[in-house]
2 protein chains.
Amino acid sequence: MASKLVVKLAEKLKPLPDPETMTFGQTQTDHMLIVNYDPEHGWGTPEIKPYAPLVLDPMSSCFQYCPNVFEGMKAYLGPDGEPRLFRPQKNMERLARSAERVALPVNALLVLIKRLGYSLYLRPTMIGTRPALGVAASDAACLYVVVTPTGPYFKGKAHGISLLAVSESVRAWPGGTGGHKLGLNYAPGFAPQREAAKKGYEQILWLFGDRITEVGAMNVFAIVKRDDGALDAFTPPLDGTILPGVTRSSVLALLDAHTKGKSLIPGVPATQKIYTHEIPITMSEIKVWSDEGKLLEIFGVGTAVAVAPGWDEEVVLPHHDGGLGPVGKGLFDHLMDIQSGRVEFEGWSVSVV
Amino acid sequence: MASKLVVKLAEKLKPLPDPETMTFGQTQTDHMLIVNYDPEHGWGTPEIKPYAPLVLDPMSSCFQYCPNVFEGMKAYLGPDGEPRLFRPQKNMERLARSAERVALPVNALLVLIKRLGYSLYLRPTMIGTRPALGVAASDAACLYVVVTPTGPYFKGKAHGISLLAVSESVRAWPGGTGGHKLGLNYAPGFAPQREAAKKGYEQILWLFGDRITEVGAMNVFAIVKRDDGALDAFTPPLDGTILPGVTRSSVLALLDAHTKGKSLIPGVPATQKIYTHEIPITMSEIKVWSDEGKLLEIFGVGTAVAVAPGWDEEVVLPHHDGGLGPVGKGLFDHLMDIQSGRVEFEGWSVSVV
């Protein structure tokens, strides 16, 4: 079953459209995977069928109370022409954790994922479909996967992304859901994002008090020079307000691997030590580092964009050609190499044929 | 148009099913109202059509990022057999504010509401339907109204509702969306509610630090005896973490009206002064009031339940027959009288035929 699904979906990925001519998430392949759960029968049989609208009771939980979970995964075509998924198990584990957080049927989900052989595709989405208005956990669900080719997320960016630091709107808080990949974490950012765009900024730098938490829909990294010539890489800790990004986890691992000499980041000297720190980053620290000329780079990381440069009106960052600085650029290239299968790293890239 | 819609929907409300035999939100009338917005044409023509599933692109924003808004409104049958809506304009204003908060097309919504004559029914729901995965405001929307008869929300409750005070999970946060009626505020409560149920509690008393914020999906009131024989009615202020409930606003107005002698609460002596205070209530205060024998009542208020008694293991409340104390019971009866058209109060009850 699993391999059949995988091959069928893989077929749909070839030939991939020209990334330059399409916009992220607005085109999709002509098939989708779908499977339903109901309280009586549990999970049905996963089906690959022609891309089609969902037909749902208007009282369904997904519309009313939003127990909706999704994942973002990318498939990469390697030099051998075969599609590969990047660390898909990480996404599937997070999907299960997120579903648990909004009380969707999870035990059954784990069984299903096992049956699918960890081969769900690009946008697995799980929605609550209990057709009743009482405020209660959804005891019915629909899990579906749509496939959309990805072009560049930020088109024509040779410079950094302009960021507006926002603290009046708060993306996530202790005891909230910011550490889970839930649809409901995103809608509250739309109005602030629109305000930022009106003021001429491309993305929001989300603050929690003085702390930097995320940038747009990405995890954030700051690269700071040390007096001994080494670099520090800071990213906020997974304290429940930060999305446990797959790219975030990968970047931490790749920085450590470089420093230990296990797998070198292209363009970064083998002797360059970069020490990772999962600790809070404050705006005050950023300004001090900036004033002292120690702030080398700020960038955001996420599946949709891989690595994107950050830039702020008030914080002066060294200008880098192409937007990304040496560490960000090296990580971007390194990730691309691994994801396309040109470079092997700890089995992260999973061939799907 | 408006009156035609209203009459057609009103027909569907009669005869109402027996409230004792049905569960809230699991039955619905056989018609619904629906109207779609798209970025090219704006709002279409509202239609009343047979109750039917929604047919939506799997990439629609409503599934992915949850820009979904709803209202809860009740229609009441008066002694004259005619259905009435309770303060529907309050709900429509809040629907527009909530839609604005998640960047749904709002200006057009206000025009639409005017066209409908403020006569939308029980569960107006507005969902984002932009069929694309890019994280951005939904420039397409679907607004629909389903009608479901309401039975008692808490069945067979002659005693108070047992509450588990929860502070690890936080319902809302300053800078978040707790002050808006958004679907996404509800799903994060499902898992904690399930945990509370496992421990034998019926509802959650949501804390923010030491502060009481809401109870279940209701606003909360505490009634406290003063030394001079008057009563204080406390409810948390609308600081952005508290839902601006229509019933909350009504209870505040009815308490004031009683104290000013404008409209007496049944069962509460005309000479009994009750002073309202929209200020934070802490657990420490509740315990002090309880220890001093000053805590008369705690109750939750909301459209689905009107007024429901609260009860907590650790806080000793005077036992009241039927669960509600004199103020809660009086408010419940008073609201029922106004909502059914037996008592007139400031034009709150709006006949829909």
Side-chain angles (χ1 to χ4, degrees), chain A residues 23-26 28 32 51-68 70 72 100-103 123 125 127-128 131-138 144 146 148 153 167-170 173-177 182-191 193-194 216-217 304, chain B residues 23-26 28 32 34 51-68 70 72 100-103 123 125 127-128 131-138 144 146 148 167-170 173-177 182-191 193-194 216-217 304:
Chain A
T23 304
F24 171 72
Q26 290 197 357
Q28 75 288 332
M32 62 192 284
Y51 190 88
L54 299 181
V55 177
L56 289 166
D57 191 304
M59 298 205 292
S60 296
S61 315
C62 57
F63 302 127
Q64 304 292 336
Y65 311 120
C66 305
N68 303 339
F70 72 88
E100 174 77 24
R101 182 62 186 84
V102 286
R123 181 57 69 107
T125 304
I127 60 178
L133 294 184
V135 178
S138 184
Y144 61 91
V146 294
T148 171
Y153 198 86
S167 59
E168 321 82 68
S169 262
V170 174
W173 55 83
T177 58
L182 300 175
L184 60 89
N185 289 329
Y186 293 83
F190 290 168
Q193 170 68 37
R194 194 169 52 181
Chain B
T23 303
F24 172 72
Q26 289 197 358
Q28 75 287 331
M32 62 192 283
I34 191 162
Y51 191 89
L54 300 180
V55 177
L56 289 165
D57 191 304
M59 297 204 294
S60 296
S61 314
C62 58
F63 303 127
Q64 303 293 336
Y65 310 121
C66 305
N68 303 340
F70 72 87
E100 173 76 24
R101 182 62 186 84
V102 286
R123 181 57 71 107
T125 303
I127 60 178
L133 294 184
V135 177
S138 183
Y144 61 92
V146 295
T148 172
S167 59
E168 321 83 67
S169 261
V170 176
W173 194 271
T177 58
L182 300 175
L184 61 87
N185 288 329
Y186 293 83
F190 291 168
Q193 170 66 38
R194 195 169 52 183

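Every heavy atom of this structure was used, including side-chain atoms; hydrogens, water molecules and symmetry mates were not. Chain identifiers are assigned alphabetically (A, B, ...) following the order of the sequence lines, protein sequences preceding nucleic acid strands; residue numbering begins at 1 within each chain.
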Beyond-backbone contact of B:Trp173 with A:Pro174, side-chain heavy atoms, under 4.5 angstrom: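 A side-chain contact under 4.5 Å exists here.
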
Contacts of type side-chain hydrogen bond (donor to acceptor under 3.5 Å, both in side chains), residue B:Ser169, not counting sequence neighbours: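 None.
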
Segment of A:Gln193 engaging chain B (4.5 angstrom heavy-atom cut-off):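 A:Gln193 has no heavy atom closer than 4.5 Å to chain B.
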
Sidechain-backbone polar pair: A:Asn68 side chain, B:Cys62 backbone, donor-acceptor under 3.5 Å: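 Confirmed, A:Asn68 side chain pairs with B:Cys62 backbone.
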
Nearest heavy atoms of A:Cys66 and B:Ala187, plus distance in Å: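 Smallest heavy-atom distance, with atoms named: O-CB, 3.4 Å.
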
Minimum heavy-atom distance between A:Pro58 and B:Pro53, given as atom pair plus value: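 Nearest heavy atoms, A:Pro58 then B:Pro53: CD-CA, 4.1 Å.
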
Criterion side chain to side chain contact (heavy atoms under 4.5 Å, CB included) against B:Leu184, the qualifying member of A:Leu184, A:Thr177, A:Leu182: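 It is A:Leu184, the one option of A:Leu184, A:Thr177, A:Leu182 that forms the side chain to side chain contact (heavy atoms under 4.5 Å, CB included) with B:Leu184.
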
Inter-residue atom distance A:Ser60.OG - B:Leu54.CG, 0.5 Å rounding: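 Taking OG in A:Ser60 and CG in B:Leu54, the distance rounds to 7.5 Å.
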
